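Data first, discussion second: the structure below is written as structure tokens.
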Amino acid sequence: MLKQRIITAAWLAPLALAGLFGLDGGAFALFAGAIVLLAGREWANLAGVTTSLGRGLTVAGLAGVLLALWFAGAARAAWPLALGALGWALNFYWVSRYPVGTARWGSTPRRLAMGLWVLVPCWVGFNVLRATEPGGVWLLFVLLLVWAADIGAYFAGRRFGRRKLAPGVSPGKTWEGVWGGMGATALLALGFAVWQSLEAAAAAMLLVIAAGVTLVSVLGDLLESMLKRHRGIKDSSTLLPGHGGVLDRIDSLTAAVPIFALLYLQVLPL
């Protein structure tokens, strides 16, 4: 398994970085859209769509929504991000109560609808952040933020983890891990503040934003864990050997990217 993970990461990481930071405009939107559509096919599986035809139709419907937003000039608009934020508030309510209330979201149509407010705002958020100057610096920030949160949570959880965060959803996650992740992202935010020569007030605001988005990224991870537990599967797919599926790699980003992008449009540039 370790060998498979290393081999997959060796080709996947350069491809992802080349697409995320080597493309812009329509080419970037297509690249990000391809990632979201792959995730959409896996979401159909999480929603309980069991046939190839059904999953194909789900992807086609999601592609239609993305194209409609593009041609309507809304691929970088704030309103899809705001709708996504409302959706994540509802996701938080369901995750925090799991397994109570499963009947309210557990049907296949409702899980498919959930995928719309998770995946579509994520695509819009990628487009917004890639358009930031210079060279998508805030897209780089949110990617590093999620990575730092994961690393910080892993080591803090292993060393200090005692209190379970959401034992019914993801038994391995602890509150100590969350605090460790927030500590790591606070250091990242300070580093970015120095790099971008932000004034003290702007740096403080970035620290607050980083803390909030870190918590949201944890929710993204927990949401996918809840859906996989409900579906009775370990990974969203086997597309990436050793890593599971695309959703398993971007679950935290589906929450962090649109929320950070919305804050960028409303509060930033700092």
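Everything numeric here is computed off the predicted structure, so don't read it as measured data.
When all heavy atoms of P80 and A74 are compared, the closest pair comes out as CG-O, 3.9 Å. Counting all heavy atoms, side chain and backbone alike, A203 lies closest to A193 at CB-CB, 3.7 Å. When all heavy atoms are compared, the tightest approach of V169 to L222 is CG1-O, 3.2 Å. The shortest non-hydrogen separation linking C122 to V257 is O-CG1, 3.7 Å. Heavy-atom minimum distance, W88 versus P258: NE1-CG, 4.4 Å. Nearest heavy atoms, S237 versus L239: OG-N, 3.2 Å.
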Inset, instruction - Test side chain to side chain contact (heavy atoms under 4.5 Å, CB included) on V246 and E42 and set out the steps. - result: CA-CA 8 Å; V246 172; E42 295 172 354; 3.7 Å; yes
Legend entry - Evaluation steps, side chain to side chain contact (heavy atoms under 4.5 Å, CB included), between L20 and F126: CA-CA 9 Å; L20 291 172; F126 269 110; 4.1 Å; yes
Inset, instruction - Just do the side chain to side chain contact (heavy atoms under 4.5 Å, CB included) check on W105 and Y98 with the steps written out, would you? - result: CA-CA 11 Å; W105 56 263; Y98 183 81; 3.8 Å; yes
Legend entry - Derivation of the side chain to side chain contact (heavy atoms under 4.5 Å, CB included) call for L207 and T185: CA-CA 8 Å; L207 280 168; T185 56; over 6 Å; no
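Looking at K228, its side chain does come within 3.5 Å of a backbone N or O of K234 through a donor-acceptor pair. When atom types are taken as modelled, the side chain of T108 and the backbone of A47 share a donor-acceptor pair closer than 3.5 angstrom. Proximity of a side-chain donor or acceptor of R111 to a complementary backbone N or O of L46 within less than 3.5 Å is detected. Side chain of R110 to main chain of R104: a donor-acceptor pair is present (N/O by atom type, distance under 3.5 Å, no hydrogens or angles). Put simply, the side chain of D150 never gets that close to the backbone of W147: no donor and acceptor are under 3.5 Å apart. A donor-acceptor contact shorter than 3.5 Å is absent between the side chain of R231 and the backbone of S236. For the pair T174 (side chain) and G161 (backbone), a donor-acceptor distance under 3.5 Å is absent.
To the nearest 0.5 Å, atom CZ of residue F141 and atom CG of residue L188 are 5.0 Å apart. For the atom pair CZ (R229) and OG1 (T102), the distance works out to 11.5 Å, reported to the nearest 0.5 Å. Interatomic distance, N45 CG to L227 CG, rounded to the nearest 0.5 Å: 10.5 Å.
Using a 4.0 Å cut-off between charged nitrogen and carboxylate oxygen, E176 and R163 count as a salt-bridge pair.
The number of heavy-atom neighbours closer than 6.0 Å to CH2 of W94, taken from other residues, nucleotides and ligands shown, is above 12.
Side-chain polar atoms of W70 and N127 form no donor-acceptor pair below 3.5 angstrom.
In this pair, F260 and W138 present their aromatic rings tilted. The plane angle is within the 30 to 60° band.
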